[in-house]
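Accompanying notes for the structure given below.
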Amino acid sequence: MQHCTLMPELPEVEVVRRGLVSHLPGDTVQAVSVLHPRAIRRQIGGPRAFSTEISGARFHTVSRRGKYLWAVISPEPHRSYRALVMHLGMSGQLLLRSAQAAQHVHARVHLALAGDQDLWFIDQRTFGGLYVDDLVAATSADDEHLPASIAHIARDPLDPRFDDDAFSRSLRRRHSGIKRALLDQALISGIGNIYADEALWRSAVHYERSCAALRKGDVQELLTHVRDVMSAALDEGGTSFDALYVNVNGQSGYFDRSLDAYGRSGEPCSRCGALIVREAFMNRSSFRCPTCQRRPRSIG
DNA sequence: CAAGGCTCCTGATAGC
DNA sequence: TGCTATCAGGAGCCTT
């Protein structure tokens, strides 16, 4: 078993959202313990202000934009609606546990709730974090709201209001390789290193393929593969999700993904048999089939 | 304004 | 045995 298989991308975060939405609404925060100051990020006033504001807060719906989650909280008098914003980063987990549960080594924030279970934020690498932010109208035209701090995050490809044509136009105007664009949360959200590699493998496209060289049909096909690979993971997570158990959690192996490219260097491509290679890219790894996903001629 | 690189962090693992 | 280097990567931030 690998030491960390979570790496939350859209499907993982969405499963966590579903767990939260089945437990949090209606519950209230009785006490707050910030166990690691770094777990409170982008918070005006820092951990102290966070604790003050979230104490006594009552939760409403839990929403998601890309890899960000937020729980709407009742406003104080004469204030706009606010939200508890949560990001899992690389290794974050949100656990609902009884108050008596032993404290996890990497517990960063503890919210004691009035209900049966408390909310714990666990995060080994502390790339994730929580904060409270204003909710603002997403567009001037409707009643959709999202935290002001994530207004720049694009819709995800499973969002019914994701605009395929607009995405295609924006993407093809980019002067960069396709994978860099897929990882840009301001262009399309929810995709991380794993699903980017998987979708590119399914599309038989090299990660350095120029965005501008893609035809509209190529983009549409890529979107289809992104959606397929994410939906499959979401189904898997959804079916193994047990609301009666803990769990809004990201246990290791929770998603037993069947991956075709990511992490499979040295193993045969399940389409052609060539050995999958790992290459350094953007301070991370890229996995591809050297035969199915040939390097563009224009790239060294 | 966009592209692209740097940096934060902890723990497992490999190599000497 | 014990040290050091490497790797894992989301996303804000900064430079070009």
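The structure displayed is predicted, hence computed values, not measured ones. In what follows, chains are A, B, ... by sequence order, proteins preceding strands, each numbered from 1.
Between A:Tyr195 and C:dG10 there is no side-chain N or O to OP1 or OP2 distance below 4.0 Å.
Among the heavy atoms of the strands, none lies under 4.0 Å from A:His36.
Evaluation of the side chain to side chain donor-acceptor pair (under 3.5 Å) rule for A:Ser74 yields A:His60 as partners, not counting sequence neighbours. Under the rule for a side chain to side chain donor-acceptor pair (under 3.5 Å), the partners of A:Asp159 that lie at least two apart in sequence or sit in another chain are A:Arg155.
Cation-pi geometry between A:Arg82 and A:Trp70 is not met: the NZ or CZ atom fails to fall both under 6.0 Å from the ring centre and inside 45° of the normal.
Residue-environment remark: NE2 (A:His175) stays at or below the threshold of 12 foreign heavy atoms within 6.0 Å.
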Output one line per pair: protein atom, nucleotide atom from nucleotides 2-6 of chain B, and distance, for all N/O pairs under 3.5 Å.
{"from": "B:dA3", "atom 1": "OP1", "to": "A:His175", "atom 2": "N", "distance (Å)": "2.7"}
{"from": "B:dG4", "atom 1": "OP2", "to": "A:Arg180", "atom 2": "NE", "distance (Å)": "3.4"}
{"from": "B:dG5", "atom 1": "OP2", "to": "A:Arg180", "atom 2": "NH2", "distance (Å)": "3.2"}

Under 3.5 Å between N/O atoms: give me all the protein pairs with nucleotides 14-16 of chain C, atom names plus distance.
none

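Across the helix from B:dA2-C:dT16 to B:dC16-C:dG2, the helix axis at one end is tilted relative to the axis at the other end by 50° (nearest 10 degrees, each axis from five pairs).
Between the side chains of A:Arg125 and A:Ser91, not a single donor N or O lies within less than 3.5 Å of an accepting N or O.
In this structure, A:Phe162 has its ring center under 6.0 Å from that of A:Phe167.
Applying a 4.0 Å cut-off to non-hydrogen atoms, the residues of residues 37-45 of chain A that approach DNA chain C are A:Arg42, listed by residue number.
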